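First the structure, in the form of C-alpha cells, and then the observations on it.
Letters A, B, ... mirror the listed sequences (proteins, then strands); counts begin at 1. The structure presented is a predicted model; accordingly, all values stated were derived computationally and were not measured. Excluded from the calculations below are hydrogen atoms, water molecules and symmetry mates; all remaining heavy atoms, backbone and side chain alike, are included.
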Amino acid sequence: MEQFEGPFLLVDPQRCVGCHTCELACAAAHTQAGSIIGAVLAQERLHRRNRVVQVDAVKLPVQCRQCQDAPCVRVCPTGATYRTETYTAVDQARCIGCRLCMMVCPFGAIHVATTTVAGQEKRAAFKCDLCVDRPEGPACVAACPTRALSLRYPQREADRASQAAARQFLEALGSQPQLGS
Amino acid sequence: MATSDKILKRSIDPSVHQMLVRAEGLGLETAWDRYEAMLPECGFGELGVCCRNCNMGPCRISPFEDAGPKQGVCGASADIIVARNLIRMIAAGAAAHSDHGRDLAHTLLLTAEGKGGGYEIRDEQKLRTLAAEYNIATEGRGKEEIALDLARAVYAEFGKQEGPIQFSRRAPQKRVGLWQKLGIDPRGVDREIVEIMHRTHIGVDNDPVNLILQGLRASIADGWGGSMIATEISDVLFGTPKPIRSLANLGVLKADEVNIVVHGHEPTLSEMIVAACRDAEMLGLAAKLGAQGINVVGLCCTGNEVLMRHGIPMVGNFLQQELAVITGAVEAIIVDVQCIMPALGNLIGCFHTRFISTSPKAKFPGATHIEFHEEQAYAIAKEIVRIAVENYRWRKPGQVVIPNDKVECLVGFSTEAILEALGGSLEPLLEQIKSGAIKGIAGVVGCNNPKVQHDFGHVNLVRELIKNNVLVVTTGCNAIACAKVGLMLPEAAAQAGDGLKAVCQSLGIPPVLHMGSCVDISRILTVCAAVANALGVDISDLPVAGAAPEWMSEKAVSIGSYVVSSGIYTVLGTVPPVLGSTVVTELLTTGAKDVVGATFAVEPDPVKAAQLMIGHIEDKRTALGL
C-alpha cells in the first residue's frame, strides 16, 4: 500500500526565496558531469524538470505531483509516459514530442525540448523523475538553501496526522470527562 | 581521535589534519565546514550570469536553452553580464594591490620627510636605481632628498590621467606598442579602476570585448603599476630580499615562548612588529611572565614579506589561519588587510588569543582595534606587542597542541638576488634555457581554496614542472605550500629533472625560487621583461607559463589578467565565473591569443595543468628555434 502511495515533492512557499537553485540542481543531477560547470564545459544540454514561479509576492517551485491517475499517462498515444510503482515516468525513446502531456498536465510540470536519445537529436518530454536513480534522493531537496522542499510519502503523512489527531483526542478526553461516557 | 576520510580529503598537510581533528573534537568550525554548509553553491553565480548592478534586478540569465530569461531587465545578455562581473572582480583586485602600493608610497613619503615613526631607507642603491628610472637627479643628493622626489613621483602614478605608468616601461617595447595599439596602455592606476566602475554601471559599456579590454588595462595598471610600486618601495624601505633560511608550517609555534602571528599583506606594520618583538623591554616583560622569548611568525603575504627579509618563520598559508589559533598557543594574531577571515573573531572566543586589527580600512567583529599610523609606527607596534606578551599569562598550557610539522626552506629570491646567484648577469640562465637544461620558467602563484584539497594543487603542479626541467618561481600561498614540503631547499633539486638538477646543484639554489608575496608577482614580470629584452623578443615569445592552482580572490583575477596581458599563458585550477558567456569564455581561452599573444586555460588536475604548461613551453622553444 505504502509503495503504491508513492512519494512526491512538497514545497513550503513561506520558505522559498525564489533563488532557482533547485532548477540548477535538477538540471545538474540529470547530466553526465553531475555539475553545472562540468556540464557547461562538456557542452552537455541543461534541462530542468521543475520551475520556480511567482504568484503575486509568493515564490515557489512547481514540479510533477506524480499523480496516481495521471492525465499525461492517459493521453500519451505511444505509451512513452507510464506509471511505475513510485512515480510517473517518461521513456524519451518512445516519445514523439506531440506535447499532449504538456496540454493536459494540471501543474504545467511537463515540457518538450530538444535532447539526444541514442545518439539522435529529437524533441521529447521532460518531467520530474524524483531523481530515482540518485541514491541520496531528489537533488532539488538537497540543494534548497532554505529547506523549502521536501520529499513526502502521502500515506506516512496521513498516518502521522491520524496519530496526532488521535493523541489530541485522547488528551482532550482526559481533561474533559463528560466526553467519556 | 582517528583522522576521518573527510579530514584527510581536506588537505595534504598532516599538521592540518591534526588541527582539524582537534577542531572537530572541540566542536569548532573552520572554512572547510563552512564551505560544505554552503553546498551546493549557486549555479548562477558559478556561471557569472547574475547581475546586481542596478535595482531593476537582481537579474540572472537562464542557462537553459529553451526556458527562462536570456536578457536582464535592461536587455543585457549573458555575455554582457559576465564581462561586467569579471572586470568588476579585476577592479577590486587591482584596487587591493594598488592601495597596498599607495600605502608604501605614503610610508616612503613620510620617511623622506622625517615623519616616519621608525622607518628608514634600507636599500639606498635601489632607491637610486628607481630614481634614475624616474629621471630624478641623484648625483650629490642625500637619500632623503631623493626619496622625497621618488615618493612624490610614485604617489602621482595613482592619480595620473594621461600616463604612462613609469614601471610599465620595463616591459619590452614590442609589448608596450601592443598595449598602445589595443588602447590598453594604462593612463593611471586609479583612473583605470574607476573607469571599470563607470563602464559597468547600468547603461554604459555593453560590448563584452570592449569591457574585457578595459579589464586588461586596469590589470596592467596593477601588475606594472600598483603591485610593482608596492614591491619596489618595500625593498627601498625594508631592504631587497636576499636568500635566507627559515622554517615553515604550524610547528614553528613554540610551547614556551610568546607566539605572535602577523597576518595580512603589507610589510609596514609587520616590519615594526618584528622590531618591537626584539625590544629589550618587551623581552624583559616576556621573561617576567615566564616565557622563554617572543616568537613572531608570519601567515599569508605579510608572512612572506618578513620571511624573506628577516627569516621570520612561516606558520602557514591562507587556509591555516584558523588552525594557528586552534593550537591554543597563539597570544595574538595581528592583522592589517586582505585575506583575513572574519571567522577569526568568533574563533578567538574559544581561546586566550587576542585578535588585533590595525588598519582603518579593515575592522573585524570580535577584534581589538588598535589603529596603526606610520607616523608613530614603532610606538604603536610596541603597544600591540605588549598586549600580546601580557596575554601569555592567560595561556592554558594544558590546552596547547602544536603540531611537530616544520620544514626548512631557503627563501628570498628577489630579481636582484637571482642575478647575484647567477653571478651578476642573466646570461648563465639564458644559456641553460638555450641548451635545454632548463626547458623554461613557470610562475606558480595564488591562494588556497577549499574547493581544492589544500596544497594538493600547488605541490603536485610544482613537482610535475620541476621533474620536467621547468624552473619554478613562486609567490604567495603557493610559495608557502612549497616551503612546507621542502621544495625550497637546494636538496629538492633531487626531485628535478636531470638538467634542472644540475643547474640547481651548481648554483646551490632550490628548483623552486621564493620571490615573495602576491604583489611580488611584479618581480616575475620584471624578470620576464629582462629576459625578453636580453633576447630581443616579446614576453609572449618566451618559454614561460603561469599557474594559479588554488586561486580564490579577486586579486588573483587581476593577477591572471595582467599576466596574460603581459603575454604569459596561464592555467587556472578553479573555474572563474565566466562559463555563462560563450563570448567571454572563448575570448579568454582562445581569442586572447590573437590580441595579447596569450590565453587562459582551466585545468583542475595539477599534473594535467603542468602538462599544458610544458606543452606551451615546448611550443615557444620551437618557435624560438631552441
Side-chain angles (χ1 to χ4, degrees), chain A residues 17-31 33-54 59 61-62 97 99 102 108-116 121 123-126 134 136 138-147 149, chain B residues 34-52 57-70 72-73 78-79 82 449 451-452 552 571-586 588-590 600-605 608-609 612:
Chain A
V17 294
C19 72
H20 298 257
T21 303
C22 53
E23 293 180 357
L24 292 186
C26 172
H30 291 85
T31 60
S35 71
I36 290 290
I37 283 187
V40 172
L41 282 173
Q43 298 186 312
E44 282 190 72
R45 277 202 189 84
L46 290 172
H47 291 291
R48 54 179 189 182
R49 278 90 177 142
N50 52 358
R51 184 155 57 129
V52 178
V53 299
Q54 181 159 353
K59 301 161 184 180
V62 174
R99 293 165 293 176
M102 271 178 90
I110 306 184
H111 73 279
V112 172
T114 308
T115 185
T116 307
E121 266 203 2
R123 302 276 290 172
F126 284 83
R134 196 173 176 273
E136 314 90 296
C140 56
V141 173
C144 179
T146 59
R147 301 280 167 262
L149 279 161
Chain B
R34 294 188 295 273
Y35 171 67
E36 275 161 27
M38 196 57 63
L39 294 176
E41 292 183 315
C42 174
F44 295 99
E46 287 181 320
L47 296 173
V49 291
C50 172
C51 179
R52 291 178 297 114
C59 295
R60 69 196 135 189
I61 305 305
S62 164
F64 304 115
E65 209 170 86
D66 51 356
K70 294 292 170 206
V73 178
D79 297 325
V82 166
N449 185 332
K451 290 178 179 174
V452 181
M552 60 88 199
V571 184
L572 305 175
T574 65
V575 187
V578 300
L579 291 181
S581 161
T582 41
V583 169
V584 174
T585 304
E586 275 175 28
L588 299 177
T589 56
T590 317
F600 281 101
V602 175
E603 179 49 69
D605 180 323
K608 287 186 191 155
L612 285 175

Return yes if some donor-acceptor pair links the side-chain N/O of A:Glu23 with the main-chain N/O of A:Val52 below 3.5 Å, else return no.
yes
B:Leu579 portion near chain A, given a 4.5 angstrom heavy-atom threshold:
both
Relative to chain A, which of B:Cys42, B:Pro63, B:Gly68 shows the most heavy atom pairs under 4.5 Å?
B:Pro63
Between A:Asn50 and A:Cys22, is there a donor-acceptor pair closer than 3.5 Å when you use the side chain of the first and the backbone of the second?
yes
Part of A:Ala142 lying under 4.5 Å from any heavy atom of chain B:
backbone
Which residue out of B:Arg60, B:Glu46, B:Glu41, B:Met38 racks up the most heavy-atom pairs below 4.5 Å with chain A?
B:Arg60
Could you tell me which portion of A:Ala25 (side chain, backbone, both or neither) has an atom closer than 4.5 angstrom to a non-hydrogen atom of chain B?
neither
Non-hydrogen atoms of chain B under 4.5 Å away: do they reach the side chain of A:Arg45, the backbone, both or neither?
side chain
Over 60° means perpendicular and under 30° means parallel, so classify the ring planes of A:His20 and B:Phe44, tilted if in between.
perpendicular
For the pair A:Arg48 (side chain) and A:Leu46 (backbone), establish whether a donor and an acceptor sit closer than 3.5 Å, ignoring hydrogens and angles.
no
Checking the side chain of B:Ser581 only, and the main-chain atoms of B:Val578 only, is there a donor and an acceptor separated by less than 3.5 Å?
no
Verdict with supporting geometry, A:Met102 and A:Val112, side-chain contact (heavy atoms from CB on, under 4.5 Å)
CA-CA 8 Å; A:Met102 271 178 90; A:Val112 172; 3.8 Å; yes
Count the heavy-atom pairs under 4.5 Å between each of A:Thr21, A:Ile36, A:Leu41, A:Val40 and chain B, then report the option with the highest count.
A:Val40
